[in-house]
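This report refers to the structure that appears directly beneath it.
Heavy-atom basis, side chains included; hydrogens, waters and symmetry copies ignored. Throughout, a chain's letter reflects where its sequence line sits, starting with A, and its residues are numbered from 1.
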Protein chains: 2
Amino acid sequence: MASSPFRSREERDADRVQKREAVLRAAVRMFNAQGFHATSLDDVAASLGVSKPTIYHYLGNKDQVLLECVTRGLEQLREAADATRAQPGNGLDRLRRFLRRYAETMMEDFGRCVVRTPDEALSGESRARFRALKREIDGGMRKLIEEGIEDGSIAPVDVRMASFALAGALNWPGRWHRPDGPESAGDIAGQMVDILTAGLAPRLSEH
Amino acid sequence: MASSPFRSREERDADRVQKREAVLRAAVRMFNAQGFHATSLDDVAASLGVSKPTIYHYLGNKDQVLLECVTRGLEQLREAADATRAQPGNGLDRLRRFLRRYAETMMEDFGRCVVRTPDEALSGESRARFRALKREIDGGMRKLIEEGIEDGSIAPVDVRMASFALAGALNWPGRWHRPDGPESAGDIAGQMVDILTAGLAPRLSEH
DNA sequence: TCTATTTCCTACTGGTGAGTATCTTGCCTA
DNA sequence: TAGGCAAGATACTCACCAGTAGGAAATAGA
């Protein structure tokens, strides 16, 4: 493949996608680092060496930028739920696998943005969509818990409460975890899932 | 006590404290409802039928208002930890009592403000103090877990991870719980603590 | 009665940042 | 080769809001 200064249609399209991606990535990083309100689109643009209208060109207004960030994160979570559903194992096993991926996602750029974004940061239609997506994820988690209770691998609990407890615990790393820290996201996720499924009280009958 | 239009020194002091309190309460309610950045001090003042300089008179600048809100919440948590320390029972019992009060606090005005306030919302010295107070609470929780592990009432776990998991799960109601909902804060707190201490996997040996 | 202090208001300043109007350049297509 | 569209830049507007200046009214104390 000789590289020519004349780019084909596909190349130019790919270019556009790549630039869009770069803008989104820069935005989410700054939102996570400094907070949504403390980040101006001028800042984001400057960090890429471009000007503000460029962001409007690729992504739209600030609301839309944030919505796309959180949507990305929530889609990763939904994919995790879908993948889990297709796997073998009893309910608890599958829930555990889902929770691990959930926690890992929460330590990545877009996942962190989901936890750090309160509903009020978005306005109007965006807020409604944000909420709907979160409800969907919650629904998936509840379903997994229910399946586990049905097959006896999970103790009978209030599904709604359990789901909130798990989500809360696994969202939290998105607030405290630093990606450059000593522990890998996978390690942390694994440990948290163990603690949550085993509980704190010692098990009397463990082989 | 005849009520006279001439107020004593004590009465006037009490008046001042009461007004200060009212301003703080109005502020924290609006911060929780609409978010810190979306709430102007003009809004807070208007909700009390006064003007912005009144807020500056009683509380100082916006940073200081927020700092006092979160400090109140964190002090409630610290009091809970102190009270717990004085109580009888094994480590797990005492931790459970603390966690209940922790969760309940997170569903009240000032507690909710603590969860909803990211570090970046505060600036400079305020931010440092906010972080220090949070670290202190976390230290208290870790200590309780350690004591439980020592006396055998809590399974040996990574204390840091356990503390993060518990805090995350119990902070979360501050984000989703509506005070006017059907379930009382006490009920929710109790259920969440049960789930967290028992774990999800069924216990084989329970009498 | 005179002064100081508390309490609170009206009215301003100044900065910041979202969003837009308009222009330029260059490539693509007809 | 003319017209159109993509990809940006510059340079604005406009609204909002934190924080302040300065003053008025009431009360306290001397």
Exercise for the section: Treat primed atoms plus P, OP1 and OP2 as sugar-phosphate and everything else as base, then score nucleotides 9-22 of chain C 5' to 3': B for base contact with protein heavy atoms under 4.0 Å, S for sugar-phosphate contact only, - for none. Expected result: BB------SBBB--

Practice task
Check the pair A/L95 / A/L99 against side-chain contact (heavy atoms from CB on, under 4.5 Å), numbers first and verdict last.
Solution key: CA-CA 6 Å; A/L95 177 65; A/L99 294 180; 3.9 Å; yes

Problem - Intermediate values then yes/no, side-chain contact (heavy atoms from CB on, under 4.5 Å), B/L74 and B/F110 - result: CA-CA 8 Å; B/L74 288 163; B/F110 293 114; over 6 Å; no

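Using bins of under 30°, 30° to 60° and over 60° for the plane-to-plane angle, the ring pair B/W176/A/F164 lands in the parallel bin.
In terms of phosphate contacts, A/H57 brings no side-chain nitrogen or oxygen within less than 4.0 Å of OP1 or OP2 of D/dG8. Between B/R16 and the phosphate of C/dT7, there is a side-chain N or O to OP1/OP2 separation shorter than 4.0 Å.
Computed from coordinates, the B/L48 CG to C/dC8 C1' distance equals 13 Å when rounded to whole Å. One atom, CD1 of A/I55, and another, P of D/dA6, lie 20 Å apart when rounded to the nearest Å. Distance CG (B/L66) to P (D/dG19): 12 Å, rounded to an integer number of Å. Between B/L59 atom CG and D/dA18 atom P the separation is 14 Å, expressed in whole Å. Rounding to whole angstrom units, NZ of residue A/K19 and C1' of D/dA9 are separated by 14 Å.
A donor and an acceptor atom, one from each side chain of B/Q76 and B/E108, are located under 3.5 Å apart. Counting only N and O atoms by type, the side chains of A/S40 and A/D42 include no donor and acceptor under 3.5 Å apart.
Under a cut-off of 6.0 angstrom, the local environment of CD in B/Q18 is sparse, with at most 12 non-hydrogen atoms contributed by other residues, nucleotides or ligands.
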